[in-house]
Amino acid sequence: MSTTLQNDLFIRAALGQQTERPPVWMMRQAGRFMPEYWEIKNKYSFLEMCKTPEIAADVTMLPVDLLDIDAAILFSDILVTAEAMGGDLSFEQGVGPRFANPVRSMAAADQLATDCLDKLQYVADAIRVIQQRLNGRIPLIGFAGAPFTILSYLVEGASSKDFKLTKLMLNNEPALAHKILQKIADVTVDYLNMQIDAGVNAIQLFDSWALALSWNDYKEFSHQYNTYILSKIKRTVPVISFCKGSSVFAPIMAEANPDVVSVDWNADLKNIKQALPSGMAVQGNLDPFVLYADKKVIETKILQLFERMRGENGFIFNLGHGIMPDIPFDNVKHAIDVVKGFRY
Ligand code: CP3
């Protein structure tokens, strides 16, 4: 796969190989911090954008053309799997995602569909359009939400600060939680295999909210299902495992055998890398709030990270989490230019 790419820095780093500089892409690189995103967003709802392959491709290509990053990421959302399973999903401006029919009982769990790949075909279509547009310039990353993070939205019905209802289910009704998690995991395997068949060059599994869990609960309710998914999908492309909480959970995340562990900004990236099995790559881990700062500060903090990682193979530069909508576009561009100007 990588041999057909004009720029394969990202793939080489993901496979633990040496690169002349770290490759760069950023979570939420196609989004509201870009005026060009708003031009599209003002005409369509977010879900319309995700579900119309030509529009999803247009948005995916924005950071490719405007930021010159080393990898594109499919424009979609982690919650589309939960919608295909029967979740009544909407996105309201300023409110975020909502499920009108939260899943909080065995009866509701029984109703969740697992044979629902037909409802996600628009994603495979979008991938094919994007790959035509990319035409081998850079790799395309596909993705899915990890079962625990998806469960939290299905149970809470919306974003949550404390995951109170989700944790109540894990504690009082673990069998119910496991039932839903297994269904999500099965759909995710099919969904990621569909993306791989449609032509993505890498996969990222987003377990954004695993940071809410204790060590034991992480193993039981998150890690177990991520391991299942990583063991069942076709391992023909590199797989990145992301969670906020990876500063703590990285050693267990590695047991699921991803190619790359994506690290939040609390950890010293070199220490994390050296604690991982040899050859396993890391991705991260600039605090996204640095991108609000003066350009000189942005440069200094990126170079600080690179000095620390000098001599380490298998390093993809990214943020510890996504770009916030009010970060100045010029600062994001500057950060990417700093990375691209660096040589080990
Ligand atoms: O990274 C990219 O540019 C690719 C596209 C992408 C989106 N969401 C687009 C999006 C990806 C990879 C995601 C993943 C996602 N979605 C995650 C995991 C990553 C993370 O941020 O932790 C999560 C938890 C979600 C769920 C979600 N989607 C939330 C909580 C929200 C609303 C809050 C917010 O940040 O706005 C969304 C909406 C969403 N997903 C937007 C975008 C561009 C904003 C939609 C809009 O324009 O209103």
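What you see is a predicted model, and the numbers here were worked out from it, not measured in a lab. Start at 1 with the first residue, then count along the sequence. Counting convention: from 1, in listed order, for ligands and their atoms alike.
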Query raised in the report: Which residues satisfy the ring-ring contact (aromatic ring centres under 6.0 Å, His included) test with Tyr228, sequence neighbours excluded?
Result: none

Query raised in the report: Salt bridge check: are Lys340 and Asp337 linked by an N-O gap of less than 4.0 Å?
Result: no

Query - Basic-acidic side-chain contact under 4.0 Å: Asp68, Lys333 - result: no

Report task. Would you mind checking if Arg12 and Glu20 are paired as a salt bridge, meaning a charged N to carboxylate O distance below 4.0 Å? Result -> yes

Query raised in the report: Between the side chains of Thr227 and Glu255, does any donor sit under 3.5 Å from an acceptor?
Result: no

May I have the N/O to N/O pairs between ligand 1 and the protein that fall below 3.5 Å, each with atom names and distance to one decimal?
residue: ligand 1; atom: 1 (O); partner: Arg28; partner atom: N; Å: 2.7
residue: ligand 1; atom: 3 (O); partner: Gln29; partner atom: N; Å: 3.2
residue: ligand 1; atom: 3 (O); partner: Ala30; partner atom: N; Å: 3.2
residue: ligand 1; atom: 8 (N); partner: Arg28; partner atom: NE; Å: 3.3
residue: ligand 1; atom: 8 (N); partner: Asp77; partner atom: OD1; Å: 3.2
residue: ligand 1; atom: 16 (N); partner: Arg28; partner atom: NH2; Å: 3.3
residue: ligand 1; atom: 16 (N); partner: Asp77; partner atom: OD1; Å: 2.9
residue: ligand 1; atom: 16 (N); partner: Asp77; partner atom: OD2; Å: 3.4
residue: ligand 1; atom: 21 (O); partner: Arg28; partner atom: NH2; Å: 3.4
residue: ligand 1; atom: 21 (O); partner: His321; partner atom: NE2; Å: 3.2
residue: ligand 1; atom: 22 (O); partner: Ser208; partner atom: OG; Å: 2.4
residue: ligand 1; atom: 22 (O); partner: His321; partner atom: NE2; Å: 2.5
residue: ligand 1; atom: 28 (N); partner: Asp77; partner atom: OD1; Å: 2.7
residue: ligand 1; atom: 35 (O); partner: Arg28; partner atom: NH1; Å: 2.7
residue: ligand 1; atom: 35 (O); partner: Arg32; partner atom: NH2; Å: 3.1
residue: ligand 1; atom: 36 (O); partner: Arg32; partner atom: NH1; Å: 2.9
residue: ligand 1; atom: 36 (O); partner: Arg32; partner atom: NH2; Å: 2.4
residue: ligand 1; atom: 40 (N); partner: Asp77; partner atom: OD1; Å: 2.8
residue: ligand 1; atom: 47 (O); partner: Tyr37; partner atom: OH; Å: 2.6
residue: ligand 1; atom: 47 (O); partner: Lys41; partner atom: NZ; Å: 3.1
residue: ligand 1; atom: 48 (O); partner: Lys41; partner atom: NZ; Å: 2.8

Query raised in the report: Salt-bridged, Asp186 to Lys232, with N to O below 4.0 Å?
Result: no

